Amino acid sequence: MKHKGAEILICRDMSDISRRAAELFVELAVGVVEKGNRFSVVLSGGSTPRALYTLLASHPYCERIHWASVRLFWGDERCVSADHPDSNYRMAREAWIEHSPIPDENVHRIRAEMENHELAAEQYENEIRQFFLLSLKEWPRFDLVLLGMGEDGHTASLFPQTRAVQESSRLVVANYVDQLGSFRITMTAPAINHADTVVFLVSGHSKAGALREIIEGKHRPQLYPAQLIRPSNGKLLFLVDEAAAGQLTRIDSN
Ligand code: 6PG
């Protein structure tokens, strides 16, 4: 079902979301690699994508991907060490990366453990620019960006009423999140919006109110930063389960 340029696919449950996301991942990866290109993916943190990452490390998905051509990035990271339980990198490494033949040099984690958060953001932005051979004025075009959504309508680490929500020129910033009392390193909305395909994975009743606001509500991105995500020349897909879609008024089940 389409709504304001976004495609919304209502899945049965989390495992249905994960399976559809895994199939889309493989389909996109095969298409990009067949053209002789590298497949650049931005991973989401949080808990929702864990099942997807586990699927991608397992049969039949793992065998269908040419891992040497896959490059992994992160949309955001907590300012903790890489082996901290809260690390988004650690979650993906344990669920997927350490069980798949992806070369270490293809994994571009955010060094968010650095004391200097601004420098961590700057270094990650430079790493992205180098990868895409970008000049200062150009934006990266990731093949696929995976995003989650919080109950407050945040995505990546673009939290309501935080400075990063207004950022319009940087690719990556350090963002102090009052609600958490801590810094996060996050990609910005414009960095995400230049991607070829952006997919939200949203599961559970607790997300239903925010999802309704984001898809059907007034445009208030300060309050619902996920509303900022509108690819300028790319596809936007919401893979949501019936529980999360429970308050949507204008969407039929698929
Ligand atoms: C993070 C994520 C964040 C996450 C949402 C949803 O670092 O936490 O990037 O944006 O996707 O908070 O989290 P859950 O999937 O755990 O509900």
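This structure is a prediction, so every number in the text was calculated from the model and none was measured. Just so you know, ligand 1 is whichever comes first in the structure, and atom 1 is the first atom listed for that ligand.
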When you look at Leu147 and Ile229, which way does the side-chain contact (heavy atoms from CB on, under 4.5 Å) test go after all the steps?
CA-CA 10 Å; Leu147 292 173; Ile229 306 307; 4.0 Å; yes

Record the part of Asp76 in heavy-atom contact with ligand 1 below 4.0 Å; permitted values are side chain, backbone, both and neither.
side chain

Heavy atom of Gly75 under 4.0 Å from ligand 1?
no

Nearest neighbour in protein (non-hydrogen) for atom 13 (O) of ligand 1
Gly46 CA, 3.9 Å

Hey, could you give me the OG/NZ distance between Ser169 and Lys137, rounded to the nearest 0.5 Å?
9.0 Å

Anything under 3.5 Å between a donor and an acceptor, one on a side chain of residues 198-207, the other on a protein residue two or more places apart or in another chain? List them.
unit_1: Ser203; atom_1: OG; unit_2: Asp241; atom_2: OD2; d: 2.6
unit_1: Ser206; atom_1: OG; unit_2: Glu151; atom_2: OE2; d: 3.2
unit_1: Lys207; atom_1: NZ; unit_2: Met149; atom_2: O; d: 2.8

Pick from Arg78, Met187, Met149, Met91: the one approaching atom 1 (C) of ligand 1 most closely through a non-hydrogen atom
Arg78

Where ligand 1 meets Arg184 - atom numbers and elements under 4.0 angstrom, heavy-atom basis
1 (C), 7 (O), 8 (O)

Please determine which of Leu52, Thr54, Val26 meets the side-chain contact (heavy atoms from CB on, under 4.5 Å) test together with Tyr61.
Val26

Non-hydrogen atoms of Glu151 versus ligand 1: any pair closer than 4.0 Å?
no

From Arg184 CZ over to Cys79 SG, what is the distance, rounded to the nearest 0.5 angstrom?
8.5 Å

Ligand 1 N/O within reach of Asn88 N/O, cut-off under 3.5 Å
yes

Would you call the rings of Tyr89 and Trp74 parallel, tilted or perpendicular if under 30° counts as parallel and over 60° as perpendicular?
perpendicular

Please list the nearest protein heavy atom to atom 15 (O) of ligand 1 with its residue and the distance rounded to 0.1 Å.
Thr48 OG1, 2.6 Å

Heavy-atom neighbours of Glu115 CD exceed 12 at 6.0 Å:
no

Could you check atom 10 (O) of ligand 1 against the protein and tell me its nearest heavy-atom contact, residue, atom and distance included?
Ala156 O, 2.6 Å

May I ask you to identify the nearest protein heavy atom to atom 12 (O) of ligand 1, giving residue, atom name and distance to one decimal place in Å?
His154 NE2, 2.7 Å

Pick one: which of Trp139, Phe132, Phe142 meets side-chain contact (heavy atoms from CB on, under 4.5 Å) with His194?
Trp139

Does Glu77 have a heavy atom less than 4.0 Å from any atom of ligand 1?
no

Side chain, backbone, both or neither: which part of Leu147 comes within less than 4.0 Å of ligand 1 when only heavy atoms are counted?
neither

Run through the side-chain heavy atoms of Ile, Leu, Val, Met, Phe, Trp and Tyr, join any pair under 4.5 Å, and report what else lands in Val177's cluster.
Phe159, Leu180

Taking the inter-plane angle between the rings of Phe73 and His108 on a 0 to 90° scale, is it parallel (under 30°), tilted (30 to 60°) or perpendicular (over 60°)?
parallel

Ligand-residue contact atoms, ligand 1 with Gly148, heavy atoms, under 4.0 Å:
11 (O)

Around atom 17 (O) of ligand 1, find the nearest protein heavy atom and jot down its residue, atom name and distance.
Lys207 NZ, 2.7 Å

Where's the contact between Ser44 and ligand 1, heavy-atom distance under 4.0 Å: side chain, backbone, both or neither?
side chain

